Novice: 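Following this message is one structure expressed as structure tokens.
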Amino acid sequence: VGPGKIAVAGQALTIWDTTTGTLNKTLVEDGYVSSLTRSADRGLFAYAQESGLSFLNSKDLSVSNEVKGNFARNEILQLSNDGKFLWTANGSYIRGWDLSSSQPVQFINTNKPEVVGLDWFDDRKLLRVITEDGAIRYWGTMANGEAVGLKPLHAPITNPVVQNQPATAFELYAMMDL
């Protein structure tokens with residue numbers, strides 16, 4: 001969680017003082033929670049429950065922010081280095097959250113298989129998504145991908161010029177998959 005503090009997740013989610021071996025705080029009394037993350041500077045610690053996400057200030061364990069919504073206790077969480085943005089994954093669905101507004105700003109559906117890992121690269125503005133079939137995809141803009149030597153799997157497809165004709169599902173998917 002932070003200097004001298006460790007989170008222990010089992011049937012309860014607790015924070016312990018590693019220097020004295022004493023219990024500092026019980027966050028969840030009953031239920032297995034595996035959705036835990038912290039910011040790179042260790043200033044924030046986050047955990048998910050069905051009712052929402054809670055963010056604790058690592059120094060005094062006070063709640064600094066809460067995001068209400070439906071979350072799983074095994075939701076994958078990935079904070080940006082500055083703690084202002086959060087990626088969550090549950091099954092094949094990924095959501096990007098702006099923590100200043102506590103609102104989702106990005107939705108990604110991997111169309112199966114299930115997401116098993118997320119990594120956000122702040123300096124490159126790329127999201128690495130790892131799925132249970134072993135596929136690794138990077139999501140981001142074309143420019144950000146090209147800056148690190150990644151090329152899209154296919155050329156981007158432009159929307160049809162015809163007025164009032166929506167793009168097909170394949171065309172929309174092709175525009176988003178880097």
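Start at 1 with the first residue, then count along the sequence. Every value quoted in this text rests on a predicted model; they were computed, and no experiment measured them.
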Novice: Do E114 and Y93 have side-chain heavy atoms sitting under 4.5 Å apart?
Specialist: no

Novice: Do V8 and L23 belong together in a cluster built from hydrophobic side chains that touch within less than 4.5 Å?
Specialist: yes

Novice: Does V115 form a side chain to side chain contact (heavy atoms under 4.5 Å, CB included) with N90? I'd like the steps, not just the answer.
Specialist: CA-CA 7 Å; V115 175; N90 186 5; over 6 Å; no

Novice: Is it true that a side-chain atom of S58 and a backbone atom of R42 form a donor plus acceptor pair closer than 3.5 Å?
Specialist: yes

Novice: Between the side chains of W16 and T18, does any donor sit under 3.5 Å from an acceptor?
Specialist: no

Novice: On a heavy-atom basis, which atom in F71 and which in G52 lie closest, and how many Å separate them?
Specialist: CD1-CA, 3.5 Å

Novice: Report yes if the side chains of L126 and W139 come closer than 4.5 Å at any heavy-atom pair, otherwise no.
Specialist: no

Novice: Evaluate side chain to side chain contact (heavy atoms under 4.5 Å, CB included) for D30 paired with Q11, printing each intermediate quantity in order.
Specialist: CA-CA 6 Å; D30 188 27; Q11 192 168 354; 3.6 Å; yes

Novice: Would the distance check show the side chain of E75 and the main-chain N or O of A72 forming a donor-acceptor pair, the cut-off being under 3.5 Å?
Specialist: yes

Novice: Are W120 and L118 connected into the same hydrophobic cluster when the rule is that any two of I, L, V, M, F, W, Y join if their side-chain heavy atoms are below 4.5 Å apart?
Specialist: yes

Novice: Taking all non-hydrogen atoms of both residues into account, name the closest pair between R38 and L79 and its distance.
Specialist: C-CD1, 3.7 Å

Novice: Please say yes or no: joined through hydrophobic side-chain contacts below 4.5 Å, possibly via intermediate residues, are V63 and L61 part of one cluster?
Specialist: yes

Novice: So does E132 pair up with K112, basic N to acidic O under 4.0 Å?
Specialist: no

Novice: So for atom CZ, which belongs to R124, do other residues, nucleotides or ligands contribute more than 12 heavy atoms lying within a distance under 6.0 Å?
Specialist: no

Novice: Are L36 and V1 connected into the same hydrophobic cluster when the rule is that any two of I, L, V, M, F, W, Y join if their side-chain heavy atoms are below 4.5 Å apart?
Specialist: yes

Novice: Taking everything shown except D60 itself, do over 12 heavy atoms lie less than 6.0 Å from its CG?
Specialist: yes

Novice: Roughly how far apart are L44 CG and L99 CG, rounded to 0.5 Å?
Specialist: 8.5 Å

Novice: Determine yes or no for a side-chain-to-main-chain donor-acceptor pair under 3.5 angstrom, with T141 supplying the side chain and N144 the backbone.
Specialist: yes

Novice: Could you walk me through whether W97 and S102 pass side chain to side chain donor-acceptor pair (under 3.5 Å), step by step?
Specialist: CA-CA 7 Å; W97 296 85; S102 298; over 6 Å; no

Novice: Tell me whether L13 is reachable from L56 by hopping between hydrophobic residues (I, L, V, M, F, W, Y) whose side-chain heavy atoms are closer than 4.5 Å.
Specialist: yes

Novice: Quick one: does any side-chain atom of D119 pair with a main-chain N or O of V129 as donor and acceptor, under 3.5 Å?
Specialist: no

Novice: Quick one: does S64's side chain have a donor or acceptor within less than 3.5 Å of a partner on F55's backbone?
Specialist: yes

Novice: Test side chain to side chain contact (heavy atoms under 4.5 Å, CB included) on N81 and F121; report intermediate values, then the result.
Specialist: CA-CA 9 Å; N81 286 345; F121 300 104; over 6 Å; no

Novice: Indicate yes or no for a side-chain donor-acceptor contact from T14 to the backbone of T26 under 3.5 Å, with no hydrogens or angles considered.
Specialist: no

Novice: Can you name the closest pair of heavy atoms from V28 and G31 and give their distance?
Specialist: CG1-O, 4.1 Å

Novice: CH2 of W87 to CD1 of I94: how many Å apart, nearest 0.5 Å?
Specialist: 7.5 Å

